[in-house]
Amino acid sequence: MEQEEVDYSKLPLEERIVHKVWKARQGAYEELYKTFTNSPDENSECFQPFLRNPELLRKIVIDSNVVAQESGLNALLAFLEFGGTNACIKTRNAVVPSICEKGLSSSRAGTKQKSIDALLWYIELDTPNVVIELIIPSLSAKLPKLVSAATKALT
């Protein structure tokens, strides 16, 4: 007997972002990407849930499924590109350490590159010193892979 594929797109977006099924999360991340890229300006309503609760973006960056994580990083890149300086400043403290922890040391080359791109967006939209200070604690991590990734990101 065939199992039916569940349609997660009917669930609210914020519920899908934290859903236990990775396909639901990935679908939400892809929808976020499209929403952010089609936003009229940086004051658009689509950015507001993430500006009020940056923890949602942090959860996207540290997704346990590598495929969904990469889609989430795409959404983060669009959020930063189209959300502007305000989006950067309000989310950097929650997101940058998570990018260092999970994104830079990923086994997927695309995820590593998107993590570095996100850090570069944070630097471009804000001052480099603040972002670098958020990366520095990763240099004293216990995992050599994480230290190496943080060093590479800083260079």
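The first residue of the sequence shown is numbered 1, and numbering continues consecutively from there.
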Student: Nearest heavy-atom pair of A118 and L76: which atoms, and what distance?
Tutor: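 Closest approach of A118 to L76, heavy atoms only: CB-CD2, 3.9 Å.
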Student: Check step by step if side chain to side chain contact (heavy atoms under 4.5 Å, CB included) holds for D63 and Y29.
Tutor: CA-CA 11 Å; D63 197 299; Y29 303 158; 2.7 Å; yes
Student: What closest approach, in Å, do K90 and L51 show between heavy atoms, and which atom pair accounts for it?
Tutor: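 K90 and L51 have their closest heavy atoms at CB-CD2, 4.1 Å.
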Student: Please confirm whether the backbone N or O of L120 pairs with a side-chain atom of D117, one donor and one acceptor, at under 3.5 Å?
Tutor: no
Student: In terms of hydrophobic clustering (I, L, V, M, F, W, Y; side-chain heavy atoms under 4.5 Å; direct or indirect links), are I99 and I136 co-clustered?
Tutor: yes
Student: What pair of heavy atoms forms the shortest contact from P49 to L56, and how long is it?
Tutor: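 In this case the closest contact between P49 and L56 is O-CD1, 4.1 Å.
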Student: Can S115 and L73 be said to form a side chain to side chain contact (heavy atoms under 4.5 Å, CB included), step by step?
Tutor: CA-CA 7 Å; S115 297; L73 282 167; 3.5 Å; yes
Student: Count the heavy atoms belonging to other residues, nucleotides or ligands that lie under 6.0 Å from CD of E14, then report whether that count exceeds 12.
Tutor: no
Student: Which value, rounded to the nearest 0.5 Å, describes the distance between E133 atom CD and T127 atom OG1?
Tutor: 8.5 Å
Student: Would you say V147 ends up clustered with I132 if hydrophobic residues are merged whenever their side chains have heavy atoms under 4.5 Å apart, either directly or through other cluster members?
Tutor: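 Shared cluster, no.
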Student: F36 and F50: aromatic ring centres closer than 6.0 Å?
Tutor: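 Distance test on ring centres: under 6.0 Å, yes.
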Student: Do the side chains of F79 and L32 get nearer than 4.5 Å, heavy atoms only?
Tutor: no
Student: Counting C-beta onward and ignoring hydrogens, is there a side-chain heavy-atom pair between R25 and S64 closer than 4.5 Å?
Tutor: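 R25 vs S64: side chains touch.
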Student: By side chain to side chain contact (heavy atoms under 4.5 Å, CB included), which residues pair with T85, not counting sequence neighbours?
Tutor: I89, L125
Student: Applying side chain to side chain contact (heavy atoms under 4.5 Å, CB included), run through L104 and K112 and close with a yes or a no.
Tutor: CA-CA 5 Å; L104 293 176; K112 286 180 189 178; 5.9 Å; no
Student: So, do R108 and V67 sit near enough that their side-chain heavy atoms are less than 4.5 Å apart?
Tutor: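 Counting from C-beta outward, R108 and V67 do come under 4.5 Å.
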Student: For the backbone of Y33 and the side chain of T37, can you confirm whether one donor and one acceptor N or O come within less than 3.5 Å of each other?
Tutor: yes
Student: Under a 4.5 Å side-chain heavy-atom rule over Ile, Leu, Val, Met, Phe, Trp and Tyr, are W121 and L154 clustered together?
Tutor: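 Same hydrophobic cluster.
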Student: Testing the basics here: between T91 and A87, what is the closest heavy-atom pair and its distance to 0.1 Å?
Tutor: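 What the structure gives for the nearest pair is OG1-O, 2.6 Å.
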Student: Applying the 4.5 Å side-chain criterion to the ILVMFWY set and letting contacts propagate, would L57 and W22 be lumped into a single cluster?
Tutor: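 Not linked; separate clusters.
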Student: When you measure from the side chain of S98 to the backbone of A94, do you find a donor-acceptor pair of N or O atoms at a distance under 3.5 Å?
Tutor: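 Checked: pair present.
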Student: Do N65 and Q69 have side-chain N/O donor and acceptor atoms under 3.5 Å apart?
Tutor: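 No, no side-chain donor-acceptor contact under 3.5 Å.
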Student: Check step by step if side chain to side chain contact (heavy atoms under 4.5 Å, CB included) holds for F47 and F82.
Tutor: CA-CA 9 Å; F47 299 108; F82 297 98; 3.9 Å; yes
Student: Scan residues 140-155 for pairs that pass side chain to side chain donor-acceptor pair (under 3.5 Å), counting only residues two or more places apart or in two chains.
Tutor: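 Passing the test, one end in residues 140-155: no pairs.
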Student: Assigning hydrophobic clusters by single linkage (Ile, Leu, Val, Met, Phe, Trp, Tyr; side-chain heavy-atom cutoff under 4.5 Å), is L134 placed with I116?
Tutor: yes
Student: Could you give the distance from CD1 (I135) to SG (C100), rounded to the nearest 0.5 Å?
Tutor: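 Atom-to-atom, I135:CD1 and C100:SG are 4.5 Å apart.
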Student: For the residue pair Q26 and S71, what are the closest heavy atoms and their distance?
Tutor: NE2-OG, 3.3 Å
Student: For the backbone of L11 and the side chain of R16, can you confirm whether one donor and one acceptor N or O come within less than 3.5 Å of each other?
Tutor: yes
Student: Does the side chain of T111 pick up a donor-acceptor pair with the side chain of E70 at under 3.5 Å?
Tutor: yes
Student: Please report the closest heavy-atom contact between I60 and G72, naming both atoms and the distance.
Tutor: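 Nearest heavy atoms, I60 then G72: CG2-CA, 3.2 Å.
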Student: Does K34 pair with E31 as a salt bridge, N-O distance under 4.0 Å?
Tutor: no
